[in-house]
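Read through the structure below, which is laid out as structure tokens, and then see the notes.
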Amino acid sequence: MTQTTSSAAPADDTPPFRYSATLAQEIELRWQDWWDDHGTFEAPNPAGPLADPDAVAARGDKLFVLDMFPYPSGAGLHVGHPLGYIGTDVYSRYQRMRGRNVLYTMGFDAFGLPAEQYAVQTGQHPAVTTNENIATMRRQLRRLGLSHDPRRSISTTDPAYYRWTQWIFLQIFESWYDADQQRARPIAELVAELESGVRPTPDGRRWSDLDDGERRDVIDAQRLAYVSDAPVNWCPGLGTVVANEEVTADGRSDRGNFPVFKRNMRQWMMRITAYADRLLDDLELLDWSDAIVTMQRNWIGKSPGAEVRFDSPAGPITVFTTRPDTLFGASFMVLAPEHPLVEVLTTAEHADTVADYRRRAAAKKDVDRQDDTREKTGVPTGSTATNPVTGEQIPVWIADYVLMGYGTGAIMAVPCGDQRDFEFARRFDLPIPAIQRPPDAWFEQHGLEPTLDTDAWPEAYVGDAPYVNSANATLDLNGVASVAEGVQRTNEWLEAHGHGTATITYKLRDWLFSRQRYWGEPFPIVYDEHGRPHGLPDHQLPVELPETDSFSPRTFDPDDEHSDPESPLDRLSGWADVELDLGDGPRRYRRDTNVMPQWAGSCWYELRYLDPTNDQCFVDPENERYWMGPRTDERPDHPGGVDLYVGGVEHAVLHLLYARFWHKVLYDLGHVSSKEPFARLFNQGYILADAYTDERGVYVEAAEVEARDGEFLHDGRPVTREWGKMGKSLKNAVSPDEMYEQYGADTLRLYEMAMGPLDASRPWDSRDVVGMYRFLQRLWRNIVDEQTGALVVVDTPPDDATRRAMHRTIDVVATEMEALRFNTAIARLIELNNHVTKLDATPREVADTMVLMLGPLVPHVAEELWRRLGHTGTITHEAFPIADPAFLVDDTVEYPVQVNGKVRGRITVAADADPATVEAAALADDKVAAATGGAPPKKVIVVPGRMVNVVV
RNA sequence: GCGGGCGUGGCGGAACUGGCAGACGCGCGGGCCUUAGGAGCCCGUUCCGGAAGGAGUGAGGGUUCGAGUCCCUCCGCCCGCACCA
């Protein structure tokens with residue numbers, strides 16, 4: 001292993017054994033092969049096909065490090081992609097040297113629209129391009145020296161994988177949510193409870209009195225995966241329906257940016273709303289960033305409040321409010337234009353204006369609802385409703401600021417306490433009764449004398465304040481000063497008098513789970529002649545995607561709202577129509593011709609990594625317990641899950657919410673021991689780069705731009721410098737290949753880790769990379785003679801200063817590695833190496849230690865130097881150096897001495913000197929005395945080990 | 001508008017619980033080596049000043065012996081949500 005070809009540097013006087021890019025590459029390729037040949041990064045399992053219990057026992061504590069599941073793009077990697085991967089690799093390698101059994105691998109989330117769209121363009125089957133892309137990406141990642149266990153790499157498109165995706169779908173399909181026990185249970189248990197009468201049927205009849213069809217209806221209505229005919233987001237431009245989460249705020253698809261229309265359609269839904277509270281509450285068990293936790297919280301959008309019924313000529317109108325305490329101030333009502341009661345409520349006098357307003361509202365896309373300056377619009381229906389607490393008749397309006405999709409699609413308007421209602425009331429001259437006495441500070445802030453005359457108020461008052469005018473015969477809030485108490489008392493009153501109930505509303509909707517595409521997991525579902533879905537038995541899985549040339553979905557004019565989705569699988573009647581025996585003899589069935597959304601495969605991939613080749617179950621329970629079981633030794637409420645999950649913030653809501661949901665269902669059904677899939681989440685930043693646009697605003701190749709006298713020129717024409725995420729679209733991508741060519745993979749790894757903290761986005765500058773290359777050259781030169789290739793280390797022990805520097809470095813580097821602060825770890829290693837550079841010769845002890853510490857960061861050159869230093873095997877499982885505490889404390893300490901907060905002198909005293917001694921030494925110092933001018937100090941502060949401050 | 005995050009040299013960034021601001025790297029300046037250097041090595045590099053010294057972490061105020069760090073007001077940037085009742 002140790003003989004190398006000499007570095008074939010450009011024809012010049014470069015020393016033959018210098019750590020050049022050529023030599024670096026030779027070392028890297030050689031060690032990558034060696035690692036593969038020796039299975040260096042394989043992590044043993046306690047059970048199942050990859051079981052090696054002895055090896056598990058021989059290693060220390062387990063650690064599961066995970067990167068977010070990448071989509072294998074055909075475009076190839078740029079240097080921005082692997083930032084997180086390098087981070088997890090360094091961490092994994094570090095932890096292996098700490099003796100831990102580290103599970104670290106990477107698979108591919110390869111179903112989905114891009115592959116299908118590419119296939120449609122090229123006419124090549126998506127399976128072919130997908131496999132090519134995966135091969136390319138594996139090769140590119142290997143070249144970086146990532147220490148993945150290759151045996152555990154998977155692809156969602158592999159039938160051996162999606163067989164289990166389908167199996168999990170069936171688990172969900174065959175489950176219902178028991179609201180009393182707050183967990184999913186098998187449908188069979190629901191049937192048993194209905195049969196025995198423990199649980200009543202929805203209409204109260206006896207189960208035995210229901211016919212087969214009625215029973216199926218009762219059951220199907222409870223399933224966690226269910227077929228529903230409900231409003232969904234139909235996107236003609238994509239030819240498929242998409243989930244709420246995939247629609248942007250302006251009503252377009254997040255992929256492709258096509259218009260999306262609300263349409264009633266028969267689609268698969270996932271009852272994620274049943275888990276809303278647990279998805280919310282369990283966020284507290286997770287070690288995730290505040291930003292992501294907040295985003296998840298907002299997305300779930302839990303609002304406690306009340307539903308209140310207002311009597312009207314059209315029967316009771318139910319509204320949802322988070323402020324039932326303000327009911328006395330409800331002076332009008334507003335319904336969404338689409339509200340079903342609008343027609344009944346509208347009087348003849350207002351029929352035309354209402355019809356007109358509804359038509360305009362319907363024609364407005366969500367985009368248009370936004371761009372006006374939020375000027376409130378609306379029209380009265382002519383009817384009134386009864387305010388249940390005051391008995392007053394209040395007018396009912398319709399307005400498009402009330403959305404049909406949230407709450408009940410109707411609100412009670414309390415203009416004095418809600419800004420939107422306030423604006424609406426002002427606009428249409430509706431009464432604004434005051435029901436709270438805002439605090440004096442609020443009036444002061446608006447330059448007003450305190451008054452209950454709301455004509456003087458510039459805006460609504462929202463918050464705690466004593467109630468006024470808030471009493472009837474049986475409810476009196478006057479004088480109560482807290483919203484919480486007001487809400488509670490009103491809720492009690494509403495329930496006692498039959499006017500409403502305390503309720504909780506969520507923004508989270510059930511998850512639309514079917515797509516009319518080809519390149520996804522087929523549903524393991526067939527329909528009988530009544531159109532009822534049946535799950536296929538286990539032995540018929542996987543339902544493989546049928547071979548076809550016409551994998552292209554039918555897409556439509558993006559604005560053709562009235563088109564209908566047409567799944568590619570639907571056209572394959574030979575595949576879709578089947579005869580099966582599902583237990584009651586052979587019958588004709590029709591397969592479900594939808595496919596699952598791309599999120600399906602990434603909802604459970606981390607579990608498959610644990611036991612990727614197990615064909616008996618999706619993961620052996622023993623393996624799941626070992627790798628992902630709750631760490632109650634760390635924390636009594638530890639939820640279990642991946643120890644470290646690294647990825648970008650872009651998956652804050654979609655993937656992380658869906659995966660948590662599936663995991664909780666599997667937990668409820670007893671398939672996994674962990675409550676949560678990802679115990680700790682770390683969001684890495686992005687690599688940004690300069691981008692340049694020409695006079696048309698079109699991006700030009702950043703690599704071809706020249707800077708001259710503060711101007712930027714492309715092809716001799718001036719261009720404008722901009723700023724953005726590195727990528728193909730901004731034409732500012734830098735390929736890792738260029739970096740290998742110039743410096744090698746170790747330098748690239750080191751630079752990416754050194755340029756800043758892992759969670760920060762930072763600009764790429766290729767010119768900066770050379771700094772890390774120089775460092776590695778200096779390191780190499782401290783160990784290997786550039787002219788002869790001979791070792792230059794000496795066996796004499798290091799001098800005291802060097803040994804102390806070494807141990808201090810070990811101490812800090814270990815701390816920083818543990819905390820993922822690789823940038824500061826690298827800085828300390830450079831400092832130590834710079835220190836060694838100044839020595840006459842490198843003591844072997846220091847060389848060994850430095851190489852070990854650099855192993856996680858620059859594994860190839862570290863392995864190479866380790867061998868050259870006379871060791872055998874790989875550095876992978878060598879123990880990371882341990883600092884000797886004896887060398888961390890110095891005999892003497894230098895204290896800066898401040899006079900009135902400014903450093904005026906320095907003293908050196910024994911490390912164990914007591915404060916009085918330090919003080920005396922400080923006052924005795926010439927410079928300090930000069931600065932104080934001989935004045936006696938008023939006070940002297942001694943911070944042990946830190947500094948002295950003399951106050952005069 | 002609401003929520004989250006962030007403002008430190010020419011640049012990327014260091015600075016543990018308040019305790020020597022600017023570690024480390026780039027760039028830049030000087031030197032060495034060289035026919036040459038867009039290679040490599042050494043020294044220097046926050047700003048003003050020749051120096052002594054002074055100023056300095058977006059702006060202003062406060063707490064403290066001491067503030068980049070804590071508190072208040074303001075300015076600017078980034079991200080998320082967006083008429084959510």
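Protein chains get the first letters and strands the later ones, always in sequence-line order, with residue 1 at the start of each. Computed over heavy atoms, backbone and side chain alike; hydrogens, waters and symmetry mates excluded. All figures in this text were calculated on a predicted structure; none of them were measured in a lab.
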For nucleotides 64-71 of chain B, print each protein N/O atom paired with a nucleotide N/O atom at under 3.5 Å, atom names and distance only.
from: C65(B); atom 1: O2'; to: N949(A); atom 2: ND2; distance (Å): 3.4
from: C65(B); atom 1: O2; to: N949(A); atom 2: ND2; distance (Å): 2.6

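Helical stems in RNA chain B, defined as runs of 3 or more consecutive Watson-Crick or G-U wobble pairs with donor-acceptor distances under 3.5 Å: B:1-7 with B:75-81, B:10-12 with B:24-26, B:27-32 with B:40-45, B:46-48 with B:53-55, B:58-62 with B:70-74.
Applying the salt bridge (Lys or Arg N to Asp or Glu O under 4.0 Å) criterion to E459(A), with sequence neighbours excluded, gives no partner residue. Listed by chain and number, the residues in a salt bridge (Lys or Arg N to Asp or Glu O under 4.0 Å) with R774(A) amount to none (sequence neighbours excluded). Under the side chain to side chain donor-acceptor pair (under 3.5 Å) criterion, R778(A) pairs with N834(A), not counting sequence neighbours.
Cation-pi geometry between K376(A) and Y401(A) is met: the NZ or CZ atom falls under 6.0 Å from the ring centre, inside 45° of the normal.
For the OP1/OP2 pair of G25(B) and a distance below 4.0 Å, the side-chain nitrogens and oxygens of N834(A) include at least one atom meeting the criterion. Regarding contacts with the backbone of C41(B), a side-chain N or O of R781(A) is found under 4.0 angstrom from either OP1 or OP2. Within the 4.0 Å cut-off from OP1 or OP2 of C81(B), not a single side-chain nitrogen or oxygen of R297(A) is found. Contact annotation: S303(A) reaches the phosphate of A85(B) (side-chain N/O to OP1 or OP2, under 4.0 Å).
Each of A85(B), C24(B), G27(B) was ranked by its minimum atom distance to the side chain of L403(A); first place goes to A85(B). Set against C43(B), C83(B), C41(B), the side chain of K838(A) has C43(B) as its closest nucleotide.
Among the atoms of the strands shown, none is found under 4.0 Å from any heavy atom of S766(A).
Residues R808(A) and D890(A) are paired through a salt bridge, judged by an N-O separation under 4.0 Å between the basic side chain and the carboxylate. Salt-bridge check for R426(A) with E423(A): failed, with every basic side-chain N at 4.0 Å or more from each acidic carboxylate O.
Of the residues listed (F310(A), F424(A), F428(A), W397(A)), the one engaging F332(A) in a ring-ring contact (aromatic ring centres under 6.0 Å, His included) is F424(A), and it is the only one.
Residue R906(A) is the one, among I826(A) and R906(A), whose nearest nucleotide of RNA chain B lies closer to the 5' end (criterion: closest heavy atom).
Centroid-to-centroid, the aromatic rings of W764(A) and Y686(A) stay 6.0 Å apart or farther.
Note: CE (M412(A)) to P (C84(B)) measures 15 Å, nearest angstrom.
Between the CD1 atom in I300(A) and the CG atom in L280(A) there is a gap of 5.0 Å [rounded to 0.5 Å].
The shortest heavy-atom contact between L776(A) and T747(A) is CD1-OG1, 3.6 Å.
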Open item on the list: Walk along nucleotides 5-17 of chain B from 5' to 3' and tag each nucleotide B, S or - by protein heavy-atom contact under 4.0 Å, base first, then sugar-phosphate.
Closed with: -------SSS-B-
